[in-house]
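Along the sequence shown, the residues carry numbers beginning at 1.
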Amino acid sequence: MSTLVLGGGRVRANTRAFVLSADGIAIGALTLAGVVLLALTWGTWGDLGRDTGFDLVAASKVAHGQLPYVDFPYYYGPLAPFLLGLAAWIGGDGIAPALVVGIAVSALIVGLTYALARAFVGAVGAFLAGAIVLGVAVSPTNFSYVLPHTESMTFGMAALLALLVALAYMPETPSTARLAVAGSAAGLVALTKPELELAALGALAAWCVLRRLPLRSVAVLAAPALAIPAFVYWAFLTQVSLHALLFDNLDPQPVLQAGGDKLLHLHAPMTLSSFVHHGERVVVYAAGVVTLMSLAWLIDRSPRALRLGYAAVGLVAALVAFDNLEATRSALQLVYGWIPGGAAVAAVVVAARYRRLPEASAGLALTVALAIAGGTTYAAFYLHAPRAQTAVYFAPLAAVFLAALHLRMVAETRTIALLGVCWLAFLGAAGFALSVNDAQTRSIAVSGPGGTVRVAEDDANAYRAALSDVIRFTDPGEKVLFAPQLSALYALSGRTDALPNISLLPGMLDGIPAEQQAIARLDAAHVRVIVTDQHSFTEYGQGSFGTTYDHNLAAWIARNFEQSGKYPGASHTLVVWRRDTP
């Protein structure tokens, strides 16, 4: 009995020590900040007019016994639809189960960001890295971590961070168990997005080379990294051909040829001029770092009164930045736009100059992963752009990189480190302010049986009117069609999609035979209501639905349905089509 009491005393003492430690305070503050930010942005995540609901529909299909690639086309790895499908099977269709998963994954990503940053910098730096990630994790955009355009990105980032954390804390003589855990994390990344898997493999390779890992240990690391995706995709290949798995799903050639490749080209043009422009951003930020170091030198040699003057000027500059958030948003494109190229340069520097440091292998793994993942969107690597970019998914890697850069690599004096802390704190606070400000513009609730999402006022009436018509004209669970995107409205309305294709972006119905098959399915399902969006997909080099693609399907809808309502918005005009049951 006395042993139990003494043991409990030790647990309480250790708990108290952690709470009062720097890490305990930092994690507590980060948790509190996350709760506050969730409350201030609640319900504003996602974008009804884009592909936010894509994975919600995929999860519903899986929860009802369908398989991605086999029963419906799916363009990412299978991890997201199966985990979300499990949540939908437990909690039912609708927004709520996905929100629970999204919040949990967001918290996991922020926690892993803290753990990874802690391997390079102190608790303060790790807190600031986590705070930068928080600002984008709950942003009211199509690429938030709570309700992203695809959870394959957030699940993949969580697995990639877990891999990097495992590598960062790997002992000098790695155990088989630790290597297997790291390899398993890499294997899970392979079930998400290809750019994240390339980043994971690059990080693993760089880490193994710098650590001079024996071949036996490399084999232990590689075994689960290869076996997990091999087993999972082999299971699908028993149901679908390799050609269909690759070229109709994971690398959908019709979709890419219809304009998807143009969208990828916007993010990574791979042209000489784009590389030069990106290089200019690297040089500009490097000049900013040199300026920061020079300012630290000047501060160290200034009298006390002048130091207070410098602090006052910095405070005024910060207040001006927060007073004009749109100007700050634009300026932040220079702050983050250089990171993919900067990470590549840092990887070379770490490998050449710092390779003998204990943490060099972890630093090389981080910079290689960031250079590869960020390189897929190097021309638009912005975390708080006027129009959200996919680069926000790579914010954890970028935040840890910035913390290591300012608080470790260039922090030759305490003053430089202090200015780095101030700079990172400003970036975190700016992210908070921008997310909250953007959430406040989404003040109109669009509600249905499946939940509520808040949207911007300029398109709210269109969504509400179309959703109201669908609910009024159809029964719960009835099959309807939202086209070409609008997939979140399936979850909100409590209605079922009538086609295997979750959305009908250009190329998703490949040619006239595919359109005729879709028409036959709509007829067979006795679909009575269809909602179409007249939004033009200029980024794909296409017009609106039925004008430059899916002509036959659009013409069939016009012939067989009556237009019962047309609801214009600022960027989306929704048309409700209705017919009697055939």
Side-chain angles (χ1 to χ4, degrees), residues 14 17-18 21-27 30-31 105 107-130 132-133 155-189 196 199-214 216-225 228 343 346-347 350-351 354-370 373 394-405 407-409:
N14 290 337
F18 172 77
S21 69
D23 284 304
I25 295 172
I27 292 173
L30 200 56
T31 302
V105 173
L108 177 61
I109 289 175
V110 173
L112 288 170
T113 300
Y114 182 93
L116 182 59
R118 195 65 178 85
F120 303 103
V121 296
V124 172
F127 165 80
L128 293 173
I132 290 173
V133 175
F155 289 168
M157 179 51 64
L160 177 57
L161 287 171
L163 167 64
L164 294 175
V165 169
L167 298 180
Y169 291 93
M170 193 74 70
E172 187 64 26
T173 304
S175 66
T176 300
R178 284 176 176 263
L179 289 171
V181 168
S184 298
L188 290 177
V189 177
L196 294 176
L201 293 177
L204 275 177
W207 185 84
C208 290
V209 169
L210 206 59
R211 285 288 292 260
R212 297 182 180 179
L213 206 64
R216 181 177 179 180
S217 297
V218 172
V220 173
L221 192 61
I228 290 174
V350 170
Y354 299 109
R355 62 181 180 274
R356 299 187 185 280
L357 294 178
E359 68 273 23
S361 57
L364 184 61
L366 167 66
T367 51
V368 168
L370 178 54
F394 310 134
L397 305 180
V400 175
F401 175 60
L402 287 174
L405 172 68
L407 305 183
R408 186 68 181 269
M409 293 183 69

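Taking all atoms of both residues into account, the shortest heavy-atom contact from Leu196 to Met157 is CD1-N, 3.6 Å. Considering every non-hydrogen atom in both Ala346 and Phe401, the closest pair reads CB-CE1, 3.6 Å. Taking both residues in full, the closest heavy atoms of Met170 and Arg211 are given as O-NH1, 3.8 Å, listed atom of the first, atom of the second, then distance. Residues Phe120 and Ala404 approach most closely at CB-CB, 4.2 Å, considering heavy atoms.
Scored by the side chain to side chain contact (heavy atoms under 4.5 Å, CB included) test, Ala129 finds Thr113, Ala117, Ala399, Ala403 as partners (sequence neighbours excluded). In this view, Val368 and Ala206, Ala347, Leu364, Ile372 satisfy the side chain to side chain contact (heavy atoms under 4.5 Å, CB included) rule, not counting sequence neighbours. The side chain to side chain contact (heavy atoms under 4.5 Å, CB included) search around Ala168 returns Leu116, Ala119, Ala362, not counting sequence neighbours. Applying the side chain to side chain donor-acceptor pair (under 3.5 Å) test to Ser361 and every residue at least two apart in sequence or in another chain returns Trp207. Considering only residues two or more places apart in sequence or on other chains, Leu407 meets the side chain to side chain contact (heavy atoms under 4.5 Å, CB included) condition with Val121, Val421, Leu424. Take Phe155 and apply the ring pair (Phe, Tyr, Trp, His ring centres under 6.0 Å) test, not counting sequence neighbours, and it matches no residue.
The residue from Val220, Leu221, Val181 that alone fulfils the side chain to side chain contact (heavy atoms under 4.5 Å, CB included) condition with Thr176 is Val220.
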Distance-only criterion, 3.5 Å: show the donor-acceptor pairs between side-chain atoms of residues 158-165 and protein atoms not counting sequence neighbours.
none

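Residue pairs that meet the salt bridge (charged side-chain N to carboxylate O under 4.0 Å, His left out) test with at least one member in residues 117-128, sequence neighbours left out, are Asp23-Arg118.
Using a 4.5 Å heavy-atom cutoff, the side chains of Leu112 and Pro396 are not in contact.
Taking CZ of Phe394 as the start and CG of Leu370 as the end, the distance is 9.0 Å to the nearest 0.5 Å.
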Side chain to side chain contact (heavy atoms under 4.5 Å, CB included) evaluation trace for Leu167 with Leu204: CA-CA 8 Å; Leu167 298 180; Leu204 275 177; 4.2 Å; yes

